[in-house]
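Residue numbers begin at 1 in each chain, while the letters A, B, ... track the order of the sequences.
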4 protein chains.
Amino acid sequence: MTATTPAEPGGRRGETRRKVYRAAVELIAEQGFTATTVDAIAERAGVAKGTVFYNFGSKEGLFSSLLAHGVGQLTDALSGAAAAAPRPGVAALDAVVLAQLRFFDEYGPFARVLVAEMWRTAWQEVVAGLREGALGVYQGVLDEAVAAGELREGLDTGTAATAIFGMVLTVAIERRALHPEQPLEEVHATLAGLIHGRITG
Amino acid sequence: MTATTPAEPGGRRGETRRKVYRAAVELIAEQGFTATTVDAIAERAGVAKGTVFYNFGSKEGLFSSLLAHGVGQLTDALSGAAAAAPRPGVAALDAVVLAQLRFFDEYGPFARVLVAEMWRTAWQEVVAGLREGALGVYQGVLDEAVAAGELREGLDTGTAATAIFGMVLTVAIERRALHPEQPLEEVHATLAGLIHGRITG
Amino acid sequence: MTATTPAEPGGRRGETRRKVYRAAVELIAEQGFTATTVDAIAERAGVAKGTVFYNFGSKEGLFSSLLAHGVGQLTDALSGAAAAAPRPGVAALDAVVLAQLRFFDEYGPFARVLVAEMWRTAWQEVVAGLREGALGVYQGVLDEAVAAGELREGLDTGTAATAIFGMVLTVAIERRALHPEQPLEEVHATLAGLIHGRITG
Amino acid sequence: MTATTPAEPGGRRGETRRKVYRAAVELIAEQGFTATTVDAIAERAGVAKGTVFYNFGSKEGLFSSLLAHGVGQLTDALSGAAAAAPRPGVAALDAVVLAQLRFFDEYGPFARVLVAEMWRTAWQEVVAGLREGALGVYQGVLDEAVAAGELREGLDTGTAATAIFGMVLTVAIERRALHPEQPLEEVHATLAGLIHGRITG
DNA sequence: CATGAATGAGATTTCATTCAT
DNA sequence: AATGAATGAAATCTCATTCAT
């Protein structure tokens with residue numbers, strides 16, 4: 001079994017991987033990506049340093065596995081919200097925006113890791129997954145809204161999806177860093193207003 | 001003259017600083033801050049490694065100087081656009097968005113550096129400058145629009161400013177990376193539509 | 001049964017040992033002893049890493065066992081050829097040279113291992129075995145030739161044995177690596193000519 | 001200047017490289033190739049560990065540079081002996097054999113390194129150099145001897161060159177390891193006898 | 001008999017920084 | 001004002017070996 005093959009979740013190896021994972025996420029939350037050493041991760045996980053390499057092959061391997069996992073969770077959160085929305089179209093869009101806000105509220109460090117490390121060529125694959133996953137959910141919802149006549153025919157839904165995703169991402173990071181006390185609902189209301197045009201009186 | 005004193009722009013030292021700036025921005029955009037070595041910066045700039053330290057004191061010093069410089073230029077570009085707009089309010093907002101798109105179209109690597117490194121606690125000072133500068137321009141324009149009755153009373157213009165800035169930043173990066181042939185005006189139209197509510201038919 | 005006790009050749013254990021032997025010889029021939037990892041040996045042999053240690057105790061143990069095994073086979077091949085020669089002396093010498101060429105033709109990787117690792121102080125015991133075995137055969141044949149008056153009285157048969165052994169070993173490796181198509185008989189004729197003085201017209 | 005570019009011999013860097021070189025050769029002589037750590041080399045050379053990497057790029061780089069250097073010296077020694085021989089042909093061959101014996105007598109550790117590490121794919125280039133260099137000298141001398149009628153027409157001088165080189169190499173290593181007190185001249189006499197056919201009475 | 005996850009000592013390598021020139 | 005060789009602390013990574021299953 002190679003170093004990067006995930007083990008069966010229940011076994012001894014799966015347990016180790018989970019411990020290392022959790023330790024890595026916590027430390028990134030505290031100190032950022034590259035400032036986190038494998039030594040520190042191993043110590044916090046309560047395993048030997050070699051064990052990290054045995055299970056993930058390299059520091060890069062660990063982090064790319066981590067990123068992929070986070071992107072997957074984000075995509076799940078967004079598509080879940082889209083599916084659970086009472087009605088498609090703009091109402092679903094609001095739900096997805098709220099889901100994204102909540103996700104980054106809960107996994108704030110992940111948002112920072114995402115924007116800070118997205119550009120490393122080593123992880124282009126992960127970023128591509130983000131595009132197909134999270135941005136895809138946005139674009140799907142927007143396409144439905146266009147089809148339903150809620151948004152104007154001919155809207156560039158690709159660009160609009162990126163725009164909304166980036167808007168929410170930026171606001172979520174800023175809120176966490178500077179106004180953590182501000183209620184999420186308030187922020188959501190402001191963004192929803194911006195997006196579906198009720199910014200004007 | 002200390003290491004961090006900027007030299008007169010025309011001299012030999014000013015030229016050296018400019019070469020190092022450009023090399024650093026490009027490399028950091030490609031690989032991120034920590035993955036970029038001073039060796040690589042010096043080599044791409046065509047100077048000796050010692051020269052980087054002679055001029056900027058440290059790697060962090062180079063980077064924060066670089067960020068401050070870029071943020072200053074960005075602020076100038078945005079406030080220039082706001083001031084030159086025929087009318088204040090929403091019209092001015094469109095002009096500022098266009099100016100931001102154009103700025104990042106010209107200085108693409110800087111946009112990536114900004115988005116990637118903006119949130120590191122180490123550089124809070126720079127981020128504060130960004131907030132007072134670029135985000136301030138947005139907030140000022142939005143405040144004027146509220147005062148003029150173009151936007152609804154009570155709008156959280158701080159959050160809205162961050163939202164629009166992040167939206168434009170994200171779209172600018174994505175366009176440069178994936179659709180460089182798409183006309184800037186088209187992108188601008190989509191964003192303007194989103195922002196002032198003409199997204200709906 | 002201790003880890004270093006050889007098992008009966010036919011059993012499950014004998015089979016495992018043989019697979020590991022073969023894998024180890026090949027890899028060490030390709031990369032050298034220290035560059036070859038137990039991981040790689042186990043993988044190529046198709047067994048678990050623990051199995052190598054269970055059977056051979058240590059990496060060194062595997063290797064010295066492997067060398068001893070190979071040296072024993074080589075000795076058998078050479079002494080068999082000497083015994084089977086129609087006449088003793090120079091004719092027997094030719095037969096032994098041919099046998100050595102044939103042996104290394106069949107077990108090429110072992111020749112490389114031998115030449116590469118023979119001189120390491122760690123394995124003096126094995127080298128002593130080689131000297132008593134394979135070199136002993138050469139020296140015995142040479143002594144007989146001296147006794148028979150075919151070679152001059154006073155010849156340093158120890159040095160001569162080493163010289164001829166090294167010559168054949170080197171040529172065998174070179175042939176395998178660079179001229180595998182060259183008939184063994186041709187090479188043998190050149191060497192035989194060199195050795196018993198018919199190099200001159 | 002890249003890490004592998006040799007510096008001008010007189011400068012500061014050249015001096016450092018020479019110190020590291022010398023330390024590396026000494027340590028290899030004592031402990032063998034892979035058992036020698038960069039730490040130990042740096043300490044004996046009296047430089048920081050980083051300096052070794054600054055100058056040679058990697059441990060492999062250091063050793064391959066070392067090997068190439070040794071092969072060059074060996075080639076020079078052999079071709080020098082061939083050129084200085086009073087007469088070409090078999091007399092020159094004797095001189096080359098003596099030169100090879102002397103070289104490995106003086107640089108014994110190098111001979112061991114050579115045979116032990118020749119097979120690493122990283123150094124195939126070096127080995128190719130050996131073939132063209134040292135073996136080339138032997139073949140040239142043999143060809144001349146054939147042309148002069150001293151050796152029989154049609155002799156496979158390529159194989160013969162390899163054979164003689166390997167013979168001398170093996171004997172030189174063996175002598176150094178087991179009979180260092182034996183006079184070089186005696187060994188040379190035995191080999192010379194073997195080679196030009198006076199092995200028989 | 002065989003396994004393979006875990007280990008940790010010890011190796012190689014990186015790179016921001018200094019300083020004599 | 002610029003250089004680049006040298007540094008060394010700190011990082012990443014390797015791998016023979018152990019041991020519970």
Checklist entry - How long is the line joining CZ of D/F63 and P of E/dA11, in whole Å? => result 13 Å
Next on the checklist: Show the nearest heavy-atom pair for residues B/V113 and B/L67, with the distance to one decimal.
Outcome noted: CG1-CD2, 4.1 Å
Checklist entry - What orientation do B/Y21 and B/H69 show, parallel under 30°, tilted 30 to 60°, or perpendicular over 60°? => result parallel
Item to check | Most 5' of C/V47 and A/G46 on DNA chain E, judged by nearest nucleotide | outcome: C/V47
Checklist entry - Are any of the side-chain heavy atoms of C/I41 and C/L62 separated by less than 4.5 Å? => result yes
Next on the checklist: I want to check one thing: is the phosphate of F/dT7, taken as OP1 and OP2, less than 4.0 Å away from some side-chain N or O of D/T51?
Outcome noted: yes
Checklist entry - Tell me, do B/F53 and B/V38 make a side-chain contact under 4.5 Å, heavy atoms counted? => result yes
Checklist entry - Which is it for B/L74 and B/L130 under the side chain to side chain contact (heavy atoms under 4.5 Å, CB included) test, yes or no, and what are the steps along the way? => result CA-CA 9 Å; B/L74 172 61; B/L130 179 71; 4.1 Å; yes
Checklist entry - Taking the side chain as C-beta and beyond, is there a heavy-atom pair between C/V20 and C/R17 under 4.5 Å? => result no
Checklist outcome for this item: Atom CZ of D/R18 and atom C1' of F/dA6 are separated, to the nearest Å, by 16 Å
Checklist entry - Roughly, in whole Å, what's the span from OH in A/Y54 to C1' in E/dA5? => result 4 Å
Checklist entry - Looking at side-chain heavy atoms only, is the closest gap between C/V71 and C/L114 below 4.5 Å? => result yes
Checklist entry - Roughly, in whole Å, what's the span from CD1 in B/I41 to P in E/dC15? => result 12 Å
Checklist outcome for this item: Quick tally for nucleotides 16-21 of chain E: nucleotides whose base has a protein heavy atom under 4.0 Å get B, sugar-phosphate-only ones S, the rest -, giving BBB---
Checklist entry - Given Watson-Crick or G-U pairs with both distances under 3.5 Å, what dot-bracket string fits DNA chain E, with | for other-strand pairs and [ ] for crossing? => result .||||||||||||||||||||
Item to check | side chain to side chain contact (heavy atoms under 4.5 Å, CB included) evaluation trace for D/I28 with D/L66 | outcome: CA-CA 11 Å; D/I28 291 172; D/L66 216 112; 3.7 Å; yes
Item to check | DNA chain F contacts made by residues 19-26 of chain C, counting heavy atoms under 4.0 Å | outcome: none
Checklist entry - Rounded to whole angstroms, how far apart are CG on A/L62 and P on F/dA11? => result 16 Å
Checklist entry - What's the CD-C1' distance between B/E43 and F/dA2, to the nearest Å? => result 17 Å
Checklist entry - Minimum heavy-atom separation for C/A29 to C/P109, with atom names? => result CB-O, 3.4 Å
Checklist entry - Within a radius of less than 6.0 Å around CZ of C/R22, do more than 12 heavy atoms belonging to other residues, nucleotides or ligands occur? => result no
Item to check | B/R17 CZ to F/dA1 C1', straight-line distance once rounded to whole Å | outcome: 13 Å
Item to check | Any A/K59 side-chain heavy atom under 4.5 Å of A/F63 side chain | outcome: yes
Checklist entry - Distance check: side-chain N/O of B/N55 vs OP1/OP2 of F/dA1, anything under 4.0 Å? => result no
Item to check | Separation of E/dT13 C1' from D/F56 CZ (nearest whole Å) | outcome: 16 Å
